[in-house]
Amino acid sequence: MNILVPVRKVPDTTAKIAFTSDGKSFDANGVQFVMNPTDEWYALVRAVELKESLGGKITLINVGGADNDQIIRKGLAIGGDDAVRIEGDDRDAHFCAKAISAYAKANSFDLIITGKEAIDDNGFQLAAMIAEYMDWPFISQATRLDVEGDVCHLSREIEGGHEDIEVSKPLVVSASKGMAEQRIPNMRGIMMARSKPLNVIQAEDSSVASEVAKYALPPEKGDVKLIDADNIDELITLLKNEAKAI
Amino acid sequence: MNVLVYLDSADGRVKKPVYEAISYAKKLAQSAGGQVHGLILGSSEEANLKSLGKYGLDVAHHVDDTRFSSFDSRAYSMAIGRFVEENPCAHVVFAFNHRGKALAPRVAARLDLTYVPGAMALPAEDGTVVRGVNSGKAFAHVKANKSGMVLAVMSNAAGLLDESAEASLASFDPGLGDDAFSVKVVKVEKMEGGIPLTEADRVVSAGRGLKGPENWGMIEELADTLNAATACSRPVSDVGWRPHHEHVGQTGITVRPNLYFAIGISGAIQHLAGVNQSRTIVVINTDPEAPFFKAADYGIVGDAFDVVPKLNAALKAHSAA
Ligand SMILES: Cc1cc2nc3c(=O)[nH]c(=O)nc-3n(C[C@H](O)[C@H](O)[C@H](O)COP(=O)(O)OP(=O)(O)OC[C@H]3O[C@@H](n4cnc5c(N)ncnc54)[C@H](O)[C@@H]3O)c2cc1C
Ligand SMILES: Nc1ncnc2c1ncn2[C@@H]1O[C@H](COP(=O)(O)O)[C@@H](O)[C@H]1O
């Protein structure tokens, strides 16, 4: 079983978000970057578990600059066998998805497992686009993934519940909470990761479908109105007349 | 030019977040001098489809084919692609719900259109569309490089139209072979009653301040009174007090209801990231220094075990009045 796991570099969950003064780009000053949580905790760990039980190989793939190598190495320490970085800007999802699917087509994979959502892009978009370019089925926000021969058994989230699904390989899956438990890389993993291959390649198609004209921060929230715990009716009046929320 | 909206449905009925997607599409179509066409795949109810005229739908096209009863993003994408080939549209609109998230990017890739996930408003005069990024901590104004867009819209992006019109009905056959379908749904488990979090106008959310799962009765009662969905902080779902699908925040679900109650939740940055776009936020917490108060519109410093039952009783009295 050969599994491709796309991983993204994102600002740490506690990072304070700021942009350059022209509003055109992200201000990385003082920001810590990490592997996108759902990629690391669920997609990659489940891939490692599947490899442990079924054999095969895990390739990590990332679109980005050399500053992404650190998170790719962490992925290798958790259990990836080798890695590919496609040199480029990760802001346009079409570009990233095209580049990743071009690599996947040129090699042979049974499964592509992504995280459900990048916490900076919040697009839920790459996996579906990769699936379309591959012409493969895609199961999004999966909370379970088991493989039995050619058939994958999955659960996915739906409004107010979940459904169980069967679908044959190859396919794209985006991983949500429940699929696996976070693993902390051990010393041996970290040492081994240093000598695992990380190949840098160029994208063939550099076109983008969108650009960001500007970034902006939300307006400052006004002060909270505090209401006395013994005066609940005041809250109800405010919710009704001021907020028009009830 | 016309605008297409995907009519996501369950058991033959169009889902609630789609209503606003229709109104959004209507406003887009009006500026493009066209109509709003909707496509529904699988079973449908005629009366339900006609009633969507209220939100701005002009024509509902029904693909009457039971093979669409399991959601299969590949087959669905093919069907929508065929429709657009035969009925050119300027833009394609989706609700930013589960299926919208899984399907809209596929359709954008298939039709080579610019995809805008989580559009928060109609395109501005310069054509850019605003969407939330960095888990609600920032916005990006996206400029499309392609001739048309696929837009997946968030709640409160355009408001609901209220027109006295009926949609007309048509049928469509995308002509897919059996090899287009590969996903088999073997079991569906849905919660009994209650409102799914992703479709709720109001959300009552609680955290570790509640001490244990046995104390959620009053949260459920409050939600019931308010017609709200229930949600929780991450540690609460991690320890199994509440199901995973109630976990909101940066690593859980992002919600944007009209009203969000946060009870016994400290307001950690990762939690706020998933809820800070709510219209009105009410916080109930014993600790006046809890960070959540800084993100709140209204706050009560007090013990949830005292405040919540009182609030519930007062709300009941209010709705009875
Ligand atoms: C990478 C990462 C991702 C994360 N993602 C998320 C996420 O998506 N969602 C999320 O929620 N968290 C997330 N977290 C966790 C987050 O940092 C907080 O730990 C978590 O939100 C705290 O949950 P809580 O507010 O329920 O509990 P606590 O922080 O323990 O707060 C409990 C609150 O209840 C109050 N309280 C106590 N008793 C009462 C009472 N009787 N009445 C009223 N109030 C009372 C206390 O004053 C306190 O403010 C993430 C953390 C990390 C590191
Ligand atoms: N630049 C990137 N390189 C590799 N994988 C990525 C990249 N961006 C996003 N992904 C993958 O796509 C998933 C969804 O991201 P997004 O569509 O941006 O929300 C992430 O969880 C990653 O698995």
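Quick caveat: nothing in here was measured; it's all calculated off a predicted structure. Numbers restart at 1 for each chain; the letters A, B, ... are given by sequence-line order, proteins then strands. Below, all heavy atoms of this structure are taken into account, side chains as well, without hydrogens, waters or symmetry copies.
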Inset, instruction - Supply the atom-to-atom distance H245(B) NE2 to E157(A) CD, rounded to the nearest 0.5 angstrom. - result: 8.5 Å

Inset, instruction - Mind ranking N122(A), D233(A), L235(A) by heavy-atom pairs under 4.5 Å with chain B and telling me who comes out on top? - result: N122(A)

Legend entry - Shortest non-hydrogen separation from S77(B) to E132(A) and the atoms involved: OG-OE1, 3.0 Å

Legend entry - Which atoms of S135(B) approach chain A - backbone, side chain, both or neither, heavy atom under 4.5 Å: both

Legend entry - Toward chain A, the part of I269(B) with a non-hydrogen atom under 4.5 Å: side chain

Legend entry - Residues I246(A), H318(B); criterion side-chain contact (heavy atoms from CB on, under 4.5 Å); working and verdict: CA-CA 10 Å; I246(A) 56 172; H318(B) 164 79; 4.2 Å; yes

Legend entry - Proximal component of V130(B), with respect to chain A [non-hydrogen, under 4.5 Å]: neither

Inset, instruction - Answer with side chain, backbone, both or neither: which region of T14(A) has an atom nearer than 4.5 Å to a non-hydrogen atom of chain B? - result: both

Inset, instruction - Look at D121(A) together with R131(B) and state whether they make a salt bridge at an N to O cut-off of under 4.0 Å. - result: yes

Legend entry - Gap between atom CG of D223(A) and atom CZ of F293(B) - 0.5 Å precision: 13.0 Å

Legend entry - Which portion of F71(B) sits near chain A, non-hydrogen atoms under 4.5 angstrom: both

Inset, instruction - Heavy atoms only, distances under 4.5 angstrom: which of S155(A), A93(A), A216(A), S168(A) has the most pairs with chain B? Name it, please. - result: A216(A)

Legend entry - Gap between atom CD1 of I139(A) and atom OG of S73(B) - 0.5 Å precision: 6.5 Å

Legend entry - Atom of E163(A), atom of V185(B) and distance for their closest heavy-atom approach: OE2-CG2, 3.8 Å

Inset, instruction - Kindly confirm or rule out a cation-pi arrangement of K101(B) over F124(A), judged by NZ or CZ under 6.0 Å from the six-membered ring centre and within 45° of its axis? - result: yes

Legend entry - M78(B), part contacting chain A, at a heavy-atom distance under 4.5 Å: side chain

Inset, instruction - Check whether D135(A) gets within reach of chain B through its side chain, its backbone, both or neither, counting any heavy atom under 4.5 Å. - result: both

Inset, instruction - For residues F138(A) and R106(B), report the shortest heavy-atom separation together with the two atoms involved. - result: CB-NH1, 3.5 Å

Legend entry - Max heavy-atom pair count under 4.5 Å with chain A, selected residue of T251(B), D201(B), V283(B): T251(B)

Inset, instruction - Check whether K16(A) gets within reach of chain B through its side chain, its backbone, both or neither, counting any heavy atom under 4.5 Å. - result: neither

Inset, instruction - May I ask you to name which of K116(A), K244(A), E117(A) has the most heavy-atom pairs under 4.5 Å with chain B? - result: K116(A)

Legend entry - Criterion side-chain contact (heavy atoms from CB on, under 4.5 Å) against H162(A), the qualifying member of K190(B), H244(B), E189(B): E189(B)

Inset, instruction - Tell me, out of G178(A), G161(A), A209(A), A213(A), who's got the most heavy-atom pairs with chain B below 4.5 Å. - result: A209(A)

Inset, instruction - Evaluate the criterion side-chain contact (heavy atoms from CB on, under 4.5 Å) for residue pair V183(B) and L171(A); output intermediate values, then yes/no. - result: CA-CA 10 Å; V183(B) 171; L171(A) 80 155; over 6 Å; no

Inset, instruction - Give the minimum heavy-atom separation between Q125(A) and Y115(B), together with the two atoms involved. - result: OE1-CD2, 3.1 Å

Inset, instruction - Provide the closest heavy-atom pair for S140(A) versus H98(B) in the form atom of the first, atom of the second, distance. - result: OG-O, 4.5 Å

Inset, instruction - List the steps, then state whether side-chain hydrogen bond (donor to acceptor under 3.5 Å, both in side chains) holds for T13(A) with Q270(B). - result: CA-CA 6 Å; T13(A) 55; Q270(B) 298 97 347; 3.0 Å; yes

Inset, instruction - Output, in order, the C-alpha distance, side-chain angles, deciding distance and verdict of side-chain contact (heavy atoms from CB on, under 4.5 Å) for E211(A) and V142(B). - result: CA-CA 6 Å; E211(A) 281 162 48; V142(B) 180; over 6 Å; no

Inset, instruction - Answer yes or no: is there an ion pair linking D238(B) with K177(A), defined by an N-O contact shorter than 4.0 Å? - result: yes

Inset, instruction - Check each atom of A108(B) against the heavy atoms of chain A and say whether the ones under 4.5 Å are side chain, backbone, both or neither. - result: both

Inset, instruction - Go through the atoms of I195(B) and report whether side chain, backbone, both or neither lie under 4.5 Å from a heavy atom of chain A. - result: neither

Legend entry - Side chain, backbone, both or neither of T280(B) within contact of chain A (heavy atoms, under 4.5 Å): side chain

Legend entry - Check against side-chain contact (heavy atoms from CB on, under 4.5 Å), N145(B) and S210(A): CA-CA 5 Å; N145(B) 284 356; S210(A) 67; 5.7 Å; no

Legend entry - Closest contact, heavy atoms only, A245(A) versus N258(B): CB-O, 4.5 Å

Inset, instruction - Heavy-atom pairs under 4.5 Å with chain B are the metric here; pick the option from D164(A), T143(A), V167(A) that has the most. - result: D164(A)

Inset, instruction - Considering only heavy atoms and a distance below 4.5 Å, find which of K146(B), R279(B), Q277(B), R99(B) pairs most often with chain A. - result: K146(B)

Legend entry - Separation of F26(A) CZ from N134(B) CG (nearest 0.5 Å): 5.5 Å

Legend entry - Distance (rounded to the nearest 0.5 Å) between K214(A) NZ and T128(B) OG1: 6.5 Å

Inset, instruction - Among the options P243(B), G302(B), A102(B), pick out the one with the most heavy-atom pairs lying under 4.5 Å from chain A. - result: A102(B)

Inset, instruction - Examine whether an atom of K15(B) lies under 4.5 Å from a heavy atom of chain A, and if so say whether it belongs to the side chain, the backbone or both; otherwise answer neither. - result: side chain

Legend entry - Among K240(A), K98(A), E242(A), E166(A), residue most engaged with chain B (heavy-atom pairs, under 4.5 Å): E166(A)

Inset, instruction - Calculate, to the nearest 0.5 Å, the distance between atoms OH and CG belonging to Y298(B) and L226(A) respectively. - result: 12.0 Å

Legend entry - Toward chain B, the part of D230(A) with a non-hydrogen atom under 4.5 Å: both

Legend entry - Residues D297(B) and K225(A) bridged, charged N to O under 4.0 Å: no

